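Scroll down for the structure; my scribbles are underneath it.
Remember, predicted model here, so these are calculated numbers, not experimental data.
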Amino acid sequence: MRRKDMTIPLSRRTLLGLAAGVPVSAALAACGSSGPGKSGGGATYWYISGQPNEGVRGGAVDAFNKAHPKEQITDTTFQNDAYKTKIKTAIGAGKAPTIIWGWGGGTLRTYAKAGQVEDLTSWFGEHPEVKKRLFPSSFAAATVDGKIYAMPCDVVQPIVLYYNRKVFDQVGVEPPKSWDDIMALVPRFNAKGIAPFALGGQSRWTNMMWLEFLFDRIGGPEVFQAITEGEKNAWSQPDAITALTKVQDLVKAHGFIKGFSSITADSNADQALLYSGRAAMMLHGSWSYGIQQTQGGDFVSSGGLGYMNFPPVEGGKGDPSDTVGNPAQYLSISSKASAEQKKIAKDFFATGVLQEDEMKKWIDNGAVPIRLGTEKLLAASKSADFLKFTYDIASKAKVFGQSWDQALSPAAAEALLDNIVKLFQLSISPQGFARNLNAVTGT
């Protein structure tokens with residue numbers, strides 16, 4: 001359930017209480033009694049709202065609570081962009097939920113360095129069966145200075161280039177095999193009154209996916225690696241400037257839907273543009289498949305949705321098998337939680353995360369869980385073709401680059417997202433973008 005109009009987020013338990021006729025004041029009091037920073041009263045857990053994923057995460061909590069009547073978890077959901085701000089504020093104020101859902105990487109590093117999340121290294125050592133059942137690649141973004149600070153969870157989410165097969169057939173063109181092909185398709189679709197690409201540009205991170213792929217395809221993973229390692233003027237590398245220039249070339253050619261800067265990804269308006277045929281293509285996460293399957297009528301079931309890895313750029317150094325996105329999602333435990341809350345959280349990690357029912361639900365939603373040994377479940381799914389495509393991308397990529405706003409520190413990530421908006425609005429040059437980002441690299 002989306003809560004864009006609510007000033008106070010409500011837990012699912014509170015919402016169920018309201019639906020059952022419990023007085024609002026009583027329901028709100030119940031929600032607050034087990035809120036962040038409280039001792040006892042069970043554990044608290046915040047994560048991102050929006051179906052179908054919200055239902056899977058919530059289902060795992062419900063199943064755990066049912067199996068552990070003396071160890072209860074109260075979960076609360078937030079929209080994507082609001083969550084990123086809310087969780088950082090709560091952690092900084094010492095009022096974090098017991099279980100912190102996130103993306104690992106630079107933000108987790110910041111929390112770990114500040115002593116705000118539990119070191120789980122010894123716990124994983126005592127529970128080797130938990131670690132062995134998960135994708136080995138999922139632990140890189142959970143690790144800081146050789147220590148594990150998060151439990152990998154959920155699914156692997158590479159970024160995918162989607163296209164509307166019906167629109168392509170209507171215009172009489174083929175899916176792009178190179179960057180030149182992309183640029184050549186832009187005027188063909190515009191001439192038919194169809195936007196070449198859907199884009200929820202107001203959300204900022206959607207724009208970022210374009211740069212992640214262009215940096216990789218043009219210069220290889222070394223370009224962004226130099227940035228994450230804090231090399232001086234790393235954003236000004238020639239290959240980086242070329243990538244920044246190419247994305248502006250696409251904007252200038254009217255490659256994106258008109259008014260993209262005012263479209264939000266949280267509303268799924270960008271997805272609707274694709275499945276309704278108003279846009280021909282869209283660069284988005286693998287989670288988009290489940291959204292289009294749920295909201296797009298018979299678009300997916302009728303074979304209307306096409307998908308592919310991002311094509312190579314002519315003369316580029318990057319391997320076309322490389323991908324970017326989220327190698328997993330991550331659960332950390334607040335260091336401010338009580339001993340009882342920490343125990344509940346660890347029991348949830350051991351017996352509540354990625355159990356069979358949850359895995360089946362992720363697969364039904366068109367997603368690949370990060371748990372090993374799911375090949376038969378994937379093959380039996382109604383989304384078997386897409387799941388195999390996703391699994392192959394994730395398993396065969398020579399490099400799986402983590403999303404930049406998660407790989408960088410929070411301060412650098414915020415500067416990145418602010419400047420990406422300016423880059424796509426053509427209010428800053430590639431060189432100006434690089435200068436602004438060089439100033440915060442390594443912070």
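At least one donor-acceptor pair closer than 3.5 Å links the side chain of Thr121 to the backbone N or O of Ile148. Under a 3.5 Å cut-off, the side chain of Arg204 and the backbone N or O of Leu417 do not form any donor-acceptor pair. A side-chain donor-acceptor contact under 3.5 Å links Asn438 to the backbone of Ala434. Proximity of a side-chain donor or acceptor of Thr228 to a complementary backbone N or O of Gln225 within less than 3.5 Å is detected. Judged by distance alone, with hydrogens and angles left aside, the side-chain atoms of Gln402 form no donor-acceptor pair with the main-chain N or O of Gly106 at under 3.5 Å. Checking side-chain atoms of Ser403 against main-chain N and O of Gln406 turns up no donor-acceptor pair under 3.5 Å. One N or O on the side chain of Gln248 and one on the backbone of Ile428 form a donor-acceptor pair closer than 3.5 Å. Looking at Glu358, its side chain never comes within 3.5 Å of a backbone N or O of Val56 through a donor-acceptor pair. Between the side chain of Ser203 and the main chain of Ala265, a donor-acceptor pair closer than 3.5 Å is present. Checking side-chain atoms of Tyr162 against main-chain N and O of Gly285 turns up a donor-acceptor pair under 3.5 Å.
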Decide yes or no on ring pair (Phe, Tyr, Trp, His ring centres under 6.0 Å) for Phe139 and Tyr330, but give the supporting numbers first. CA-CA 9 Å; Phe139 279 90; Tyr330 298 90; 8.2 Å; no
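Using a 4.0 Å cut-off between a side-chain N of Lys or Arg and a carboxylate O of Asp or Glu, Arg57 and Asp75 do not qualify as a salt bridge. A salt bridge does not link Asp322 to Arg217: none of the charged side-chain nitrogens sits closer than 4.0 Å to a carboxylate oxygen. Salt bridge annotation for Lys84-Asp405: present, with a cationic side-chain nitrogen under 4.0 angstrom from a carboxylate oxygen. By the 4.0 Å N-to-carboxylate-O rule, Arg165 lies too far from Asp169 to be salt-bridged with it.
The number of heavy-atom neighbours closer than 6.0 Å to NZ of Lys361, taken from other residues, nucleotides and ligands shown, is above 12. Under a cut-off of 6.0 angstrom, the local environment of CD in Glu174 is sparse, with at most 12 non-hydrogen atoms contributed by other residues, nucleotides or ligands. Other residues, nucleotides and ligands place more than 12 heavy atoms under 6.0 Å from the NZ atom of Lys166.
Looking only at side-chain heavy atoms (C-beta outward), Gln431 and Leu244 stay at 4.5 Å or farther from each other. By the 4.5 Å heavy-atom criterion applied to side chains, Gln292 and Met282 are counted as neighbours. The shortest distance between side-chain heavy atoms of Asn53 and Tyr47 does not fall below 4.5 Å. Proximity of Trp404 to Ile227: side-chain heavy atoms (C-beta onward) are nowhere separated by under 4.5 Å. Residues Ser178 and Glu314 meet the side-chain proximity criterion, which asks for heavy atoms closer than 4.5 Å. Contact check for Met209 versus Val324: no side-chain heavy atoms found under the 4.5 Å cut-off. The shortest side-chain heavy-atom distance between Met151 and Phe124 falls under the 4.5 Å cut-off. Contact annotation: the side chain of Ile91 never approaches that of Ser334 to less than 4.5 Å [non-hydrogen atoms, C-beta and beyond].
Across Ile241 and Ser236, no two heavy atoms sit closer than the pair CG1-O, 3.8 Å. In this structure, Pro369 and Phe135 approach most closely via the heavy-atom pair O-CZ, 3.7 Å. The two residues Ala272 and Arg278 have their closest heavy-atom pair at O-NH2, 4.1 Å. A pairwise comparison of heavy atoms in Pro176 and Leu161 identifies CG-CD2, 4.2 Å as the closest pair. Among all heavy-atom pairs drawn from Phe64 and Gly352, the shortest one is CD1-CA, 4.2 Å. The minimum heavy-atom distance linking Gly200 with Thr206 is given by the pair O-OG1, 2.6 Å.
Between the side chains of Gln51 and Thr294, no donor N or O sits under 3.5 Å from an acceptor N or O. Between the side chains of Trp235 and Thr441, at least one donor-acceptor pair of N or O atoms lies under 3.5 Å. Between the side chains of Tyr391 and Glu375, a donor-acceptor pair is found at a separation under 3.5 Å. Between the side chains of Thr264 and Ser267, at least one donor N or O sits under 3.5 Å from an acceptor N or O.
Ring-plane geometry between Phe78 and Tyr83 is classed as tilted, the angle between the planes lying from 30 to 60 degrees on a 0 to 90 degree scale. The aromatic rings of His284 and Trp287 lie perpendicular to each other, with more than 60° between the two planes, well past the 30° mark. Ring-plane geometry between Phe386 and Phe389 is classed as tilted, the angle between the planes lying from 30 to 60 degrees on a 0 to 90 degree scale. The aromatic rings of Trp210 and Trp179 stand perpendicular to each other, their planes meeting at an angle above 60°, with 30° marking the opposite boundary.
Within the 6.0 Å centre-distance limit, the rings of Phe189 and Phe168 are counted as a close aromatic pair.
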